[in-house]
Amino acid sequence: MRIHRVRGLAALATVASLASLSTLAACSSSDDKSADGKVTITVEGWRPGDEQATIDTVKKQAQLFMDDHPDIIVKPVEWQWTAETFATQLAGNTLPTTFRVPFTDTKGLAERQQIADVTDLVNALPYAADFNPSVLDAVKGTDGKIYGLPSDVYGVGLHYNRDLFEQAGLDPDSPPTTWDEVRADAKQIADQTGQAGYVQMSVNNTGGWMLTTLTYALGGRMESVDGTEATIDNPGTAQGLQMLHDMRWTDDSMGKNTGYEWTPINEAFAAGKIGMYMSGSDVYNALTTTNQIDPAQYGLAALPLADNAEAGILGGGSVNAVSAKATPEEQAAAVQWADFYRVQKLYNEDAAVLDAKTLVAADQPVGTPTLPVFDEATYQKTQQWIAPYVNVPLDQMSSFVDRIFSQQLIPEPASHTQEVYGLLDSVVQKVLTDENADIASLLSDADSQAQQLLDAS
């Protein structure tokens with residue numbers, strides 16, 4: 001759900017890609033260009049709070065792109081997708097020309113004609129036929145057209161603090177593999193260190209996002225596959241909420257702060273105040289570039305799954321969308337930029353190597369585990385290309401890397417995703433703030449409210 005920034009910045013585009021997109025741009029009206037014949041686009045650059053090295057790297061990449069595209073001016077701006085601000089920015093026309101949104105938002109934005117149809121531009125790319133089909137489907141509207149370029153795909157993992165594990169007498173090289181072990185380790189960390197052993201996000205739609213993740217791991221679902229039936233009131237969700245209740249009120253292992261979302265939880269984890277939490281596998285990038293975590297204390301494990309054929313990990317990602325208000329030439333320029341900046345490094349050896357070298361020179365992370373936008377074979381090739389430049393502690397992430405491709409990946413709920421997550425926020429908050437919360441009643445009410453949303457579609 002949340003956009004997890006992947007720091008890899010592609011530094012080379014193939015001649016075929018540039019030629020095909022330039023041809024499309026040349027077919028557009030000359031009225032779309034400025035007096036000097038150049039097209040100007042604003043692009044998502046860096047998050048609020050990013051360190052100067054990150055900002056400088058983005059600007060360097062923009063200059064490299066403009067050197068290769070003298071007819072395009074790229075202006076990176078500070079921006080980050082959040083559920084609470086996006087709608088206001090969209091209505092106020094303050095978004096960049098191109099920006100990333102979660103897969104779950106793509107179809108709704110497309111139906112409301114708020115992002116551009118870039119089917120021809122994406123199909124002109126040399127790797128268009130090689131996308132992971134499920135990834136490409138995530139960026140299509142209900143009309144079957146393509147509304148952006150996918151670039152970042154993640155599976156949720158269990159992030160843990162190796163220092164707190166050691167202080168609590170736990171082995172940081174043997175992270176928990178079951179939810180019973182998560183609960184036991186969380187209590188031991190809390191008892192021995194005084195820090196929260198495990199924390200769950202709960203506000204601004206992240207509570208619903210992570211409750212859905214926990215539900216998937218326990219074999220439940222929040223909606224039917226086609227998004228027409230709410231299934232929130234299921235045994236997996238009930239089990240997950242009961243576990244959170246017991247960790248909060250019986251074990252006292254979750255600390256007193258029950259209002260975390262993505263940014264604050266990252267800050268607290270980097271500061272050594274949290275033993276474990278769930279988030280996208282690529283959050284290590286933000287922890288290093290924004291929160292200055294000590295890499296030695298970081299660990300990443302595969303999410304524990306119940307012994308249930310339906311259990312799996314929540315997978316999501318983001319699409320590089322283009323404003324529907326962009327001119328045809330701006331749309332073409334925006335797709336060229338997304339191709340150059342985010343995707344070429346996933347497919348082209350020269351781009352991958354140059355990107356890795358550029359990031360290493362700027363002291364940015366290289367090699368953080370993500371899921372493949374293309375097939376697994378392409379992913380493995382990319383890892384081989386960048387292996388000499390990897391500067392993240394992969395040996396401390398082996399539990400995740402070794403198991404991620406053998407686990408069932410489950411997409412986020414198909415319909416009214418963010419609204420459903422918002423409903424579930426209040427359920428999680430109630431359980432974490434009221435020891436006597438009636439979980440069965442909360443789930444029944446949330447299920448009814450979600451069904452009303454789905455019926456209104």
Side-chain angles (χ1 to χ4, degrees), residues 1-4 81-84 86-87 101-112 134-142 147 150 152-156 200-241 244 261-262 278-280 303 305-306 308 310-319 371 407-429 442-457:
M1 193 273 317
R2 186 67 60 166
I3 297 289
H4 300 284
W81 184 94
T82 63
E84 60 270 24
F86 182 75
V101 297
F103 283 170
T104 52
D105 283 25
T106 308
K107 286 180 172 57
L109 291 168
E111 288 176 0
R112 295 188 294 272
S134 62
V135 170
L136 187 61
D137 183 65
V139 304
K140 290 182 178 179
T142 55
Y147 285 86
D152 313 319
V153 185
Y154 71 87
V156 173
Q200 184 104 343
M201 289 183 255
S202 65
V203 299
N204 289 328
N205 296 15
T206 63
W209 176 40
M210 285 295 102
L211 181 58
T212 299
T213 299
L214 184 55
T215 296
Y216 285 4
L218 296 171
R221 297 291 187 274
M222 295 304 194
E223 291 179 7
S224 59
V225 174
D226 62 4
T228 61
E229 180 184 358
T231 59
I232 290 170
D233 192 359
N234 69 81
T237 308
Q239 180 184 350
L241 287 171
L244 294 177
E261 61 175 308
W262 196 74
M278 294 188 296
S279 192
L303 207 62
L305 299 182
N308 182 321
E310 297 300 315
I313 64 170
L314 182 147
S318 57
V319 53
L371 301 187
Q407 293 181 318
Q408 180 177 195
L409 190 67
I410 305 170
E412 295 182 78
S415 181
H416 290 275
T417 312
Q418 300 304 328
E419 295 96 326
V420 170
Y421 285 169
L423 289 174
L424 294 172
D425 275 0
S426 60
V427 174
V428 177
Q429 292 162 17
L442 289 170
L443 288 181
S444 178
D445 289 347
D447 197 87
S448 296
Q449 293 176 61
Q451 191 61 56
Q452 291 177 17
L453 287 172
L454 304 186
D455 289 342
S457 298

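As the structure is a computational prediction, the values presented were derived from the model and not from experiment.
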Are any of the side-chain heavy atoms of Thr228 and Leu454 separated by less than 4.5 Å? no
Distance-minimising heavy-atom pair for Tyr147 and Gly141: CD1-N, 3.6 Å
Sub-4.5 Å side-chain heavy-atom contact between Ile313 and Leu409: yes
When you measure from the side chain of Gln408 to the backbone N and O of Ala311, does any donor-acceptor pair fall under 3.5 Å? yes
Evaluate side-chain contact (heavy atoms from CB on, under 4.5 Å) for Phe103 paired with Asp152, printing each intermediate quantity in order. CA-CA 10 Å; Phe103 283 170; Asp152 313 319; over 6 Å; no
For Thr215, side-chain hydrogen bond (donor to acceptor under 3.5 Å, both in side chains) partners two or more places apart: Thr237
In terms of heavy-atom contacts, Ser279 and Trp262 come closest through OG-NE1, 3.5 Å
Mind checking the CG-CG spacing from Leu211 to Leu244? Nearest 0.5 Å is all I need. 7.5 Å
Indicate yes or no for a side-chain donor-acceptor contact from Ser318 to the backbone of Val101 under 3.5 Å, with no hydrogens or angles considered. no
Side chains of Asn308 and Leu218 in contact at under 4.5 Å (non-hydrogen atoms): no
Spell out, as yes or no, whether a donor-acceptor pair under 3.5 Å connects the side chain of Gln429 to the backbone of Ser202. yes
Quick check against the 3.5 Å criterion: does Glu412 have a side-chain atom that pairs as donor or acceptor with the backbone of Thr417? no
Taking all non-hydrogen atoms of both residues, which atom of Ala450 and which atom of Ile232 are closest, and how far apart? CB-CD1, 3.6 Å
Keeping Ser224 on the side-chain end and Glu229 on the backbone end, is there a donor-acceptor pair under 3.5 Å? yes
Side chains of Thr212 and Tyr421, heavy atoms from C-beta outward: is any pair under 4.5 Å? yes
Going by the rule side chain to side chain contact (heavy atoms under 4.5 Å, CB included), which residues pair with Leu136 if we only count those two or more places apart in sequence or in a different chain? Phe131, Val139, Lys140, Ile146
Per the side-chain hydrogen bond (donor to acceptor under 3.5 Å, both in side chains) rule, what does the pair list look like for residues 443-455, sequence neighbours excluded? Gln451-Asp455
Taking the side chain from Asp425 and the backbone from Asn205, do they hold a donor-acceptor pair closer than 3.5 Å? yes
Between Tyr216 and Met222 (side chain of the first, backbone of the second, donor and acceptor by atom type, cut-off under 3.5 Å), is there such a pair? no
To the nearest 0.5 Å, how far apart are CG in Asp233 and CG in Leu442? 10.5 Å
Flag, side chain of Glu223 to backbone of Ala414, donor-acceptor distance under 3.5 Å: yes
Looking only at atom types and distance, does a side-chain atom of Thr213 sit under 3.5 Å from a main-chain N or O of Trp209, one as donor and one as acceptor? yes
Closest heavy-atom pair and its distance - Tyr154, Gly317: CE2-N, 3.5 Å
Could you pull out the closest heavy-atom pair between Glu261 and Met201, with the gap in Å? C-SD, 3.7 Å
Under the 3.5 angstrom rule, does the side chain of Arg221 hit a backbone N or O of Glu310 as a donor-acceptor pair? yes
